[in-house]
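Since we're looking at a predicted model, the values are computed, not measured. Within every chain, numbering begins at 1; the chains are lettered A, B, ... in the order of the sequence lines, protein sequences first and strands thereafter.
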Amino acid sequence: MNNLGKFNKPYNSQEVEEKIYKLWEESGFFNPDNLPKTNKGSFTIVLPPPNVTGSLHMGHALNVAIQDILIRYKRMQGYKTLWIPGTDHAGIATQNVVEKQLKKEGLSRHQLGREKFLEKVWEWKEKYGGIILGQFKKIGVSCDWSRAVFTMDENYSKAVQEAFKHYYDKGWIYQGERIVNWCSRCGTSLSDLELEYVEKKGKLYYIKYLISKQKTVNSKQEYITVATTRPETMLGDSAVAVNPKDERYKDLIGQIVLLPIQNREISIIADDLVEKEFGTGAVKVTPAHDFNDAQMGEKHNLPVYKIIDEKGKMTELAGSIYKGLKISECRGKVIEKLKEFNLLEKEEDYIHSVAKCYRCGGTVEPLPSLQWFVKMNELAKLAIEAVESGKIKFYPERWKKVYLDWLSKVKDWCISRQIWWGHKIPIEGVDDVMDTWFSSALWPFATLGWPDKNSKDLKEFYPTQVLSTARDIINLWVSRMVFSGLEFTGKIPFSDVIIHATILTKEGKRMSKSLGTGIDPMTLIEKYGADATRFGLIWQAMGGQDIHWAEEHVAAGKKFANKLWNISRFVLSRTGISNFQFIISNEILNLNLSNEDREILEKLEQTKKSVSKDIDEYNFGQALHTLYDFIWHDFADKYIEYSKNSSSTETLNTLYFILYTVLKLLHPFMPFITEEIWKNLPNNENKMLIIEKW
RNA sequence: GGACGAUUAGCUCAGCGGCAGAGCAUUGCAUUCACAUUGCAAGGGUCAGAGGUUCGAAUCCUCUAUCGUCCACCA
């Protein structure tokens, strides 16, 4: 049978890809329940759920390409493969997007009220929340869409409530007035991991605190000078601290100073946290508005004066003349006042970094607030043990250190957020919602039916095998999935963690949408095709090393696709017209082969072994280089040229067998073109490459 | 401040004790041939620098320089 009629000379990805994806979806093979029965076990990956507000970037593209390679490879090996997709409700991010949209209509969420506002968010989610998953499909991901999960689905919400209750009943959840990072624009607390630090020019102010005479005996000094970048917070000071080893202040420890403006008597304390080198070596202590100071305050039992409120305005405690002022206004007034009293010794230019909200970019203030916390000591132990024992392995291994370092000094987890979009904290009289990461932490098992312990999927597909993600959420997400998995299911949620390369610009800078340095994978797919885009990504992703993005490798991928296409045209023009039944197994080695035939078949076997080993070890770039080299330089340049002068049935059979095998080996990397060619193999109309035996 | 990584051809990167490699780019030749999105060939490198280990170092060790990422923190 002659299939050449279906082949154009150049390969056209646009004509092929959509059609092939549809074919896969119709086959049902993305769903493990429809796969042919084998005696192999299950193989599961959970897709890191992109935010519903997200749009595809290069990191996503690389990450899904990696996961798809693994899933397709394992599926061809006969495993019952499941790749669960889904999206994350992304509390603060999504609420901000919808609020911005409302603002254009001149509305605020407060005008709408909680219920109406949430309706708007759901509308927005239904309309835009699935865009990114559609983009994943263009890349060719073979996720089981029938099992797609959203983190606020009914069952998922049940899981979140159950998890909260579990911790609560164990006494691991408590409410406390603690100093937290507060974003006054978003009106919510933020975790350390939700902060970004920005360098900012400011001033370092040197303020004199007079030693109060009546309590001082034998003091030679009349005042102590402290240095601060935030003079307004002096209104909430409850001590001055020096390093106990600092000779300069030895005699002053325990003495009393008079806090300017407030005329409050506070004492000079000694604490190791104070660095002798900073400023004058004496610092003011404001337990309400600084994390270090809060720690010192607790240790020395200092009173807490909350002088800044949740809206970023000064409180009553700041003093009646400052009450209601913005922080910056108050700073000016305080400086004025200090000058008036002649207590401002000097000011110096100073560059320091300030915390910003990573969602909205607003300035973050540390302030005391009533929040819910999860105790971390027991949970951290679980997560540490899982990795130290080797039950969970990181690839590349060096990321293990990042994970363990963070867990070894982790603080209790503040899980409440003062926003509306999210899972409500299930306690009467509390309007807070939970940290988005509280629900994401349950992802590997909540997607499989937990808390229903009889869930068929949970039994069959949990624990999962591989998690592939970006390095910046190792602590935010990976560690929390590990202890959640162990705590709620008694099992590690996955055994291997792949930390994929970070894609930087050619200059080695971070790709950023706002700076316009980002590259949209979708334009690459339109220009070169999905297979070529996957090729370019994987080609460059060697050993988890950061990638300085070079588009020419995607162009090379397109050329390679075309090469494969023309190899196939040639081989099928020689073999496709024959009714000869080719041997498509290693039985071929029993034929009366020429040296050239035998040589290329041996090289094929080596290639197959080497590619399998590289995929098993997550060296995807290496595997692709090996395949590329074999297909182009051994098969096409040498063997095909040889075959033009040899028309033996053995050579025809070898040509066919190599094409046949190479399509299988390349399929995980370049699924569309290989499936399309596969369809055109003789007597092969109804078989699909996606489930062929590796 | 701490940790980690990088430095190899014009560019993007492999190689990680035994003759310096790939893709792209460059140059020459070929061309009714599956493919010009091609083939054959060529040019191009003090492997960041210094010292050490070794019969032998791009590769292992120490230091230095430059660049980058992450974490902490800057009162």
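- With sequence neighbours excluded, the residues satisfying ring pair (Phe, Tyr, Trp, His ring centres under 6.0 Å) with Y628(A) are F535(A), W539(A), F560(A), W632(A).
- In this structure, CD1 of I499(A) is placed 14 Å from C1' of U69(B), rounded to the nearest angstrom.
- Residue K558(A) has its side chain nearest to U37(B) when only C35(B), G23(B), U37(B) are considered.
- Distances shown here put every side-chain N or O of T228(A) at or beyond 4.0 Å from the OP1 or OP2 atom of A75(B).
- The shortest distance between the side-chain N/O atoms of K559(A) and the OP1/OP2 oxygens of U38(B) is below 4.0 Å.
- Considering only residues two or more places apart in sequence or on other chains, R178(A) meets the side chain to side chain donor-acceptor pair (under 3.5 Å) condition with Y174(A).
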Pairs under 3.5 angstrom, nitrogen or oxygen only, protein versus nucleotides 10-16 of chain B, please.
| from | atom 1 | to | atom 2 | distance (Å) |
| --- | --- | --- | --- | --- |
| C11(B) | O2' | K506(A) | NZ | 3.1 |
| U12(B) | O3' | H548(A) | O | 3.0 |
| U12(B) | O2' | H548(A) | O | 3.4 |
| U12(B) | O2 | H553(A) | NE2 | 3.3 |
| C13(B) | OP1 | H548(A) | N | 2.6 |
| C13(B) | OP1 | H548(A) | ND1 | 3.4 |

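- Aromatic ring centroids of Y209(A) and Y223(A) lie 6.0 Å or more apart.
- Heavy atoms of other residues, nucleotides or ligands lying less than 6.0 angstrom from CG of N377(A) number more than 12.
- Taking the six-membered ring where tryptophan is involved, the planes of F620(A) and Y618(A) are tilted, since the angle between them lies from 30° to 60°.
- Listed nucleotides A75(B), G68(B), G39(B) differ in distance to L504(A); the shortest reach to its side chain belongs to G68(B).
- Looking at K644(A) and E641(A), a side-chain N of the basic residue comes within less than 4.0 Å of a carboxylate O on the acidic one, giving a salt bridge.
- For the P atoms, the distance linking C13(B) with A75(B) amounts to 36 Å, nearest Å.
- Salt bridge status for K393(A) with E397(A): absent, with no side-chain N to carboxylate O gap under 4.0 Å.
- The residue among E641(A) and V283(A) whose nearest nucleotide of RNA chain B lies closer to the 5′ end is E641(A).
- When each of G68(B), A75(B), A34(B) is scored by its nearest atom to the side-chain atoms of K509(A), the top-ranked nucleotide is G68(B).
- Between Y11(A) and W565(A), a ring centre-to-centre spacing shorter than 6.0 Å is recorded.
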Under the side-chain hydrogen bond (donor to acceptor under 3.5 Å, both in side chains) rule, what do Y639(A) and E599(A) come out as? Steps first, then yes or no, please. CA-CA 9 Å; Y639(A) 187 73; E599(A) 208 177 296; over 6 Å; no
Using Watson-Crick and G-U wobble pairs with both distances under 3.5 Å, what is the 5'-to-3' dot-bracket string of RNA chain B, with [ ] for crossing pairs and | for pairs outside the strand? (((((((..((((....[..)))).(((((.......))))).....(((((..]....))))))))))))....
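- For the C1' atoms, the distance linking A30(B) with G44(B) amounts to 23 Å, nearest Å.
- Interface residues of residues 630-637 of chain A facing RNA chain B, ordered by number: W632(A), H633(A), A636(A), D637(A); criterion, heavy-atom separation under 4.0 Å.
- One finds a side-chain N or O of R510(A) lying less than 4.0 angstrom from the OP1 or OP2 phosphate oxygen of C70(B).
- With both ends at atom C1', the span from G10(B) to U27(B) equals 14 Å, rounded to whole Å.
- Non-hydrogen atoms lying under 4.0 Å from RNA chain B are contributed by nothing in residues 296-306 of chain A.
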